[in-house]
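A short worksheet on the structure shown next.
Because the structure is predicted, anything quoted here is derived from the model rather than measured.
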Amino acid sequence: MSDQTAPSRAAAWWSQSKSRSQATTVAALVLTAVLVGISAYVWVSPTGAPLRKAVDQAAEVVTPFAAQNAELKRNLDKATETIASQKGKLTALQKSTLAAQASAAKQLAAAQQKAAAAEGRLASMQAQLAAAQGKSGSGSTASGSTAAGGKGSSGGSAAAPITAPSRAELLSPAKRYYGMYTEQAPFNWATFDATSAKVGVSPNVVGYFSGWDENFRANAVTRSWQQGRLPMMTWESRPINAGNDTVDAPAYSLPNIIRGDFDAYLHQYAKDIVATGLPLGIRLDHEMNGIWYPWSETDGQGNSINGNNVGDYAKMWRHVHDIFQQEGANNLVMWIWAPNIVNNLPASHKAPGYLESLYPGDAYVDWVGLSGYLRPPYKSDNDFSFDYTFKASLDKLRSITSKPIMLAEVGASETEGHKAAWITSFFQALAKPENEDIIGFSWFNLAVTSYVEGVRATNDWRIDSRADSLSAFITGLTRPEDDFALTPAP
């Protein structure tokens with residue numbers, strides 16, 4: 001046997017014969033089957049749990065963050081649901097809070113209106129009681145009380161009746177009126193009296209403002225006459241707290257007033273005036289020839305203001321006057337139709353016939369008046385005189401009617417230092433024969449910040465704004481030739 005064949009025989013011992021080859025194959029198959037069976041038994045049997053656990057742990061080792069990621073995802077989903085839920089609750093809470101605030105505001109407004117109405121009714125009943133006790137002479141009387149602004153007497157006895165001149169006496173006064181507006185008069189006399197003390201003369205007219213969201217305030221009238229002063233109410237057909245920066249007040253448009261939306265309010269207002277038994281002046285919707293109030297008809301460019309139509313202002317005035325006539329209030333009211341001076345109005349509002357179209361007629365007006373101020377910005381031709389400020393407007397009024405003229409709202413700014421000279425010119429002009437029909441004036445005694453021709457400025461209209469202005473005012477007011485009714489200040 002050669003050396004080349006020996007290794008070949010040793011490597012294939014199992015295949016040296018056919019029978020051995022077959023036996024080896026069967027044995028391998030049997031062994032494989034046994035191993036598979038043992039593995040299956042171990043895996044599915046209860047005793048195989050440790051093995052399965054070991055396999056699972058091995059799988060977790062392979063993916064060490066899988067379980068943690070799954071838990072984080074579950075937590076994230078829960079947090080997302082919680083945030084969405086809380087946002088919904090917050091939105092609902094905000095809506096509920098806003099609704100509650102709106103409801104509270106409405107309730108407060110209603111309560112304030114009811115309180116004002118009750119105050120007016122109380123004063124009216126007090127006035128009716130005084131009227132039942134009789135009137136003194138040709139003047140009007142009403143009862144005075146602490147509630148109405150009077151001084152109550154001790155021991156429960158009734159206060160002295162409040163007296164006033166008759167309406168006829170007031171319409172044609174023997175001497176000129178001197179009036180003043182302050183922040184709170186006639187409901188608080190502090191500033192009014194302090195300024196009067198500086199002037200040395202007490203005004204016999206007190207001006208104040210009221211809106212159409214207010215009931216008639218009888219105590220304004222009773223408190224005025226307790227001081228011997230004619231109350232002159234500027235009555236604006238808009239809410240009392242409305243800003244002067246908008247002309248939009250749709251509910252208070254002239255067409256709405258004309259068609260009767262406010263008739264119930266107007267009838268009650270007139271009845272409450274009658275109940276006081278005391279006279280007053282009413283300056284209804286003043287400066288109607290301007291473009292800055294909701295009752296003006298057009299904006300100077302032909303566009304409607306607040307839905308108003310040309311001709312509506314005079315119709316509105318007559319409508320209100322007629323309701324007062326039905327209730328008997330015109331026996332106490334002096335109606336004051338008071339436009340603005342024409343100097344700085346749009347050209348269309350200075351055109352012939354425009355102011356005339358706003359006049360309701362002599363049968364509906366007792367006095368005519370003007371609002372007129374020395375105020376910046378000053379034009380180059382302004383000579384800071386009475387005539388520059390008022391003459392063109394007075395000429396226009398006198399061409400419309402011969403009614404007495406009340407300069408119902410006047411003042412002068414300290415800006416640029418022309419105030420004292422203007423005041424001197426003002427009083428000198430009142431002594432001229434052509435101005436005999438001017439029966440008085442009421443000074444706007446406040447400092448106000450406003451926009452004029454797009455310029456924001458603070459104008460100090462107060463009588464005592466500077467020493468030289470105060471001195472010029474005292475000198476002018478006390479001139480005998482100007483013929484004012486002068487009562488020494490207390």
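Remark: Arg479 pairs with Glu481, Asp482 by the salt bridge (charged side-chain N to carboxylate O under 4.0 Å, His left out) rule, at least two apart or across chains. For Asp261, the salt bridge (charged side-chain N to carboxylate O under 4.0 Å, His left out) partners two or more places apart in sequence, or in a different chain, are Arg259. Residues satisfying the side-chain contact (heavy atoms from CB on, under 4.5 Å) test with Pro255, not counting sequence neighbours, are Ser253, Asn308, Asn309, Asp312. Arg176 meets the salt bridge (charged side-chain N to carboxylate O under 4.0 Å, His left out) test with no other residue; sequence neighbours excluded. Under the ring-ring contact (aromatic ring centres under 6.0 Å, His included) criterion, Phe384 pairs with Tyr378, His418, not counting sequence neighbours. For Asp263, there are no salt bridge (charged side-chain N to carboxylate O under 4.0 Å, His left out) partners two or more places apart in sequence or in a different chain. For Tyr354, the ring-ring contact (aromatic ring centres under 6.0 Å, His included) test picks out His349, with sequence neighbours left out. With sequence neighbours left out, the ring-ring contact (aromatic ring centres under 6.0 Å, His included) criterion links Trp225 to no other residue.
For residues 195-210, the salt bridge (Lys or Arg N to Asp or Glu O under 4.0 Å) pairs, not counting sequence neighbours, are Lys198-Asp464. Sorted by first then second residue, the ring pair (Phe, Tyr, Trp, His ring centres under 6.0 Å) pairs that include residues 236-257, not counting sequence neighbours, are Tyr252-Phe262. For residues 358-373, the pairs satisfying salt bridge (Lys or Arg N to Asp or Glu O under 4.0 Å) are Arg167-Asp366, with sequence neighbours left out. Identified under the salt bridge (Lys or Arg N to Asp or Glu O under 4.0 Å) test for residues 393-411, with sequence neighbours left out: Arg283-Glu409, Glu356-Lys396, Lys391-Asp395, Arg398-Asp437.
There is a side-chain donor-acceptor pair under 3.5 Å between Arg229 and Ser202.
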